[in-house]
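To keep things clear, I will list the structure first and then write my remarks on it.
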Amino acid sequence: MEKNQSLINKVSPFAQITEGQKYIITKNLPQLIQIVLKDAAEFQSTQIQKLKALQQLKMICCIADIGEYLTQIFKLLAKIYTNDDKYYLNECRQICYVIGLKVQIDYYLPTLINQARFELQGQQSKTLCNLINMISETIVHENDNLDLQSLVYLIGDIENVYSDCWEVMECVYYLEDRIIGQSQQELPIYVRQLFQGLLTIRSFNKMDCEGLLNQLSKKCGYTSVTDLHANEISLILEQIVNQEHFKTWKHNTREFLKFKAIVIGCGDGISKYMQQIIQIMKYSLGGDQEVELRLEVLLLLDKVVQIQSIKDTIKMYSAVLISQLLIQSMVWKANKPTVKVRKAAVIITLQLTEMLNQEEILELFPALAAPLKSCMTDDWAPDLRFASSKLATSLIKKCQILNYEIIRDFYPSLLERLDDSQNQIRIEITFAIAALMQQKYDSTTILEYIVKATLIHLDDSSEEVQRAVFECLSKCPEKGVVLKEAEQAIKNFKYPRLCQELIKLMS
């Protein structure tokens with residue numbers, strides 16, 4: 001069963017051992033190996049005694065035919081293989097190294113896998129970690145002799161049980177690293193399973209998987225990691241949608257974290273999966289979901305919207321994203337601390353409105369108006385009021401033909417912001433009011449009221465607000481209306497200078 005005696009000799013602790021000594025060890029192997037295994041496993045043995053027993057076991061593995069004792073040896077190593085003691089760890093690694101060289105893979109690998117499955121069923125995570133590490137060390141010299149099917153199935157079963165356990169998944173990472181590095185011909189057959197395992201590992205955000213993903217993509221014929229993501233996530237997303245896993249997600253659920261890793265890693269390949277992603281996000285943004293999950297989904301959506309290479313796709317789906325995902329996220333609900341969620345939704349909507357045409361905005365406005373007004377009047381969230389004021393400005397500027405019902409419903413909320421406690425918000429809302437004044441009015445009644453209510457703030461104590469209001473009123477196309485109201489208002493002004501300039505401009 002020996003495969004490479006020269007490599008074995010390199011790690012043998014007794015390179016000068018005589019033929020007579022080899023004969024004695026071989027002849028008395030059954031008794032010797034039991035003594036060594038007992039000394040190494042004995043609870044009362046000192047550290048030096050255990051270390052000596054491991055060295056003796058390594059010598060026996062180098063010399064004798066240890067095939068029939070593999071199960072006992074692996075059980076021992078699984079108990080004492082630890083990163084806590086570098087001396088134990090080094091000896092255990094070298095024993096695994098020797099076994100990998102001395103014994104045929106079709107004999108030792110099934111033994112290791114069976115023991116790993118036994119520990120998996122018993123949910124003994126520490127022993128399972130040791131066995132996974134032992135597999136990685138034992139197969140170090142194998143190439144296409146690896147039983148990829150058994151290894152990949154083992155990894156899949158481990159992931160199903162321990163996907164939330166970093167200690168186990170970290171060991172799986174190093175096993176996958178070994179498999180990907182040493183396999184070639186059969187690797188493309190199992191690329192999806194290996195990829196899915198790396199996605200789970202990546203979702204912990206504790207280890208950079210980019211190098212290993214890049215190696216996997218090249219060996220399996222993909223041009224890049226992005227190409228690998230784009231082609232291999234279809235089945236994963238399909239499973240998430242069909243099995244409706246997303247209905248039980250929390251912000252720290254492993255499946256959600258994997259979903260994030262998928263979306264972020266997909267890059268421009270995400271275009272093919274927008275419908276599935278929107279479906280998943282829509283449910284996750286529902287008002288009954290936990291706030292942390294909703295915020296995480298919105299932050300993920302923001303990253304998608306900012307991918308420059310898929311701008312055309314985002315533009316095509318922009319109205320759908322607003323109507324199905326973002327409007328519901330702006331809605332205020334009692335006893336729900338959702339300020340961050342609403343603010344994120346407003347900011348993303350602001351980005352998307354830049355891609356919409358007038359017809360699309362007019363179609364969205366009836367559903368968007370109520371939650372937007374709610375955001376603009378949130379007394380406890382100045383950042384939210386400011387962001388929603390900017391959104392109101394963007395929407396009105398892009399619509400030259402707002403109907404009378406929309407204007408009548410919307411303008412009081414804009415005027416109310418002129419009395420905001422934050423000057424920055426007051427200044428911002430003047431841009432929205434200026435855009436509203438550009439609309440066509442069948443009757444000047446509403447316009448007169450808007451001008452009159454705005455003119456009051458031309459006498460504000462803040463010069464910045466005065467200047468903003470002046471710029472706003474000076475853009476009104478109905479100069480006669482502004483002139484009439486300004487001549488009436490100036491009589492009560494404390495600071496009449498700008499009002500005088502406005503009258504002069506409009507005359």
Side-chain angles (χ1 to χ4, degrees), residues 259-260 262-264 266-287 289 293-332 338-376 378 381 383-402 406 410 413-414 425 428-429 431-432 435-436:
F259 173 71
K260 280 180 61 178
I262 287 171
V263 174
I264 293 170
C266 217
D268 51 13
I270 202 172
S271 299
K272 296 190 293 185
Y273 306 107
M274 283 300 293
Q275 290 183 351
Q276 294 100 312
I277 289 170
I278 290 172
Q279 182 180 348
I280 293 168
M281 286 185 169
K282 181 180 179 180
Y283 192 92
S284 300
L285 288 169
Q289 299 288 8
L293 174 63
R294 297 173 68 196
L295 185 58
E296 286 292 328
V297 171
L298 286 172
L299 293 175
L300 181 61
L301 178 59
D302 183 56
K303 290 182 180 180
V304 173
V305 168
Q306 295 187 44
I307 299 175
Q308 294 297 320
S309 56
I310 61 167
K311 279 294 181 186
D312 290 341
T313 302
I314 297 299
K315 184 176 181 180
M316 182 172 66
Y317 282 97
S318 56
V320 175
L321 292 171
I322 293 173
S323 63
Q324 294 193 18
L325 305 184
L326 296 169
I327 289 178
Q328 66 171 329
S329 300
M330 296 183 202
V331 176
W332 177 87
T338 56
V339 171
K340 290 183 179 180
V341 172
R342 297 166 75 202
K343 180 184 173 183
V346 168
I347 292 172
I348 298 170
T349 303
L350 180 59
Q351 296 177 62
L352 293 174
T353 53
E354 299 300 322
M355 306 178 189
L356 298 176
N357 57 41
Q358 180 172 272
E359 289 73 21
E360 290 171 322
I361 290 178
L362 286 172
E363 188 175 338
L364 287 169
F365 222 111
L368 190 56
L372 180 56
K373 287 191 297 180
S374 172
C375 292
M376 290 173 63
D378 193 314
D383 288 351
L384 176 59
R385 297 199 304 274
F386 180 75
S388 52
S389 297
K390 290 185 75 71
L391 176 56
T393 302
S394 176
L395 291 169
I396 297 170
K397 278 185 174 181
K398 296 204 73 171
C399 290
Q400 301 300 316
I401 50 170
L402 282 175
I406 291 176
F410 207 61
S413 298
L414 302 182
I425 297 172
E428 179 58 39
I429 208 64
F431 301 118
L436 195 65

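Since this is a predicted model, take the numbers as computed values, not measurements. Residues: numbered from 1 along the sequence shown.
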Who are the side chain to side chain contact (heavy atoms under 4.5 Å, CB included) partners of [X], not counting sequence neighbours?
| X | answer |
| --- | --- |
| Leu402 | Leu362, Phe365, Ile396, Cys399, Ile406, Ile407, Leu436, Gln439 |
| Ile262 | Leu199, Ile233, Ile236 |
| Lys282 | Gln324, Leu325, Gln328 |
| Glu360 | Leu356, Asn357 |

Can you give me every donor-acceptor pair (side chain of residues 268-278, partner residue at least two apart or in another chain, under 3.5 Å) with its distance?
unit_1	atom_1	unit_2	atom_2	d
Ser271	OG	Asp268	O	3.4
Ser271	OG	Thr313	OG1	3.0
Tyr273	OH	Ala230	O	2.3

For the residue pair [X] and [Y], what are the closest heavy atoms and their distance?
| X | Y | value |
| --- | --- | --- |
| Ile425 | Ser389 | CG2-OG, 3.9 Å |
| Ile307 | Gly267 | CD1-O, 4.1 Å |
| Leu414 | Ala392 | CD2-CB, 4.1 Å |
| Cys375 | Val346 | SG-CG2, 4.0 Å |
| Ala367 | Ile327 | O-CG2, 3.8 Å |
| Val297 | Ser284 | CG2-CB, 3.7 Å |

In Å, rounded to the nearest 0.5 Å, how long is the span from [atom1] of [X] to [atom2] of [Y]?
| X | Y | atom1 | atom2 | result |
| --- | --- | --- | --- | --- |
| Ile314 | Leu321 | CD1 | CG | 6.0 Å |
| Leu352 | Ile322 | CG | CD1 | 5.0 Å |
| Leu295 | Leu300 | CG | CG | 11.5 Å |
| Ile348 | Leu326 | CD1 | CG | 5.5 Å |
| Ile361 | Thr353 | CD1 | OG1 | 6.0 Å |
| Leu350 | Ser394 | CG | OG | 5.5 Å |

- Item | Stepwise side-chain contact (heavy atoms from CB on, under 4.5 Å) check, Leu391 with Met330 | CA-CA 12 Å; Leu391 176 56; Met330 296 183 202; 4.2 Å; yes
- Item | Whether Lys343 side chain and Asp383 backbone form a donor-acceptor pair below 3.5 Å |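 No, because the side chain of Lys343 does not come within donor-acceptor range (under 3.5 Å) of the backbone of Asp383.
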- Should we say atom CD of Glu363 is surrounded by more than 12 heavy atoms from elsewhere, each under 6.0 Å from it?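 Open: at most 12 neighbouring heavy atoms sit under 6.0 Å from CD of Glu363.
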- Query: Mind checking what makes side-chain hydrogen bond (donor to acceptor under 3.5 Å, both in side chains) contact with Arg342, not counting sequence neighbours?
  - Reply: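 Partners of Arg342 by the side-chain hydrogen bond (donor to acceptor under 3.5 Å, both in side chains) criterion, ordered by chain and then number, come out as Ser374, Asp378.
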- Item | With Ser318 via side-chain hydrogen bond (donor to acceptor under 3.5 Å, both in side chains) - residues at least two apart |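 Residues passing side-chain hydrogen bond (donor to acceptor under 3.5 Å, both in side chains) with Ser318: none at all.
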- Message: Show every salt bridge (charged side-chain N to carboxylate O under 4.0 Å, His left out) that has at least one partner inside residues 364-374, sequence neighbours left out.
- Response: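 For residues 364-374: Lys373-Asp409.
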- What pairs meet the ring-ring contact (aromatic ring centres under 6.0 Å, His included) rule with one or both residues in residues 295-331, with sequence neighbours excluded?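 Every pair satisfying ring-ring contact (aromatic ring centres under 6.0 Å, His included) with a residue in residues 295-331: there are none.
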- Query: Which residue pairs satisfy the side-chain hydrogen bond (donor to acceptor under 3.5 Å, both in side chains) criterion with at least one member in residues 295-312, sequence neighbours excluded?
  - Reply: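 Counting only pairs at least two positions apart or across chains, the side-chain hydrogen bond (donor to acceptor under 3.5 Å, both in side chains) contacts touching residues 295-312 are Lys260-Glu296, Asp302-Gln306, Asp302-Gln351.
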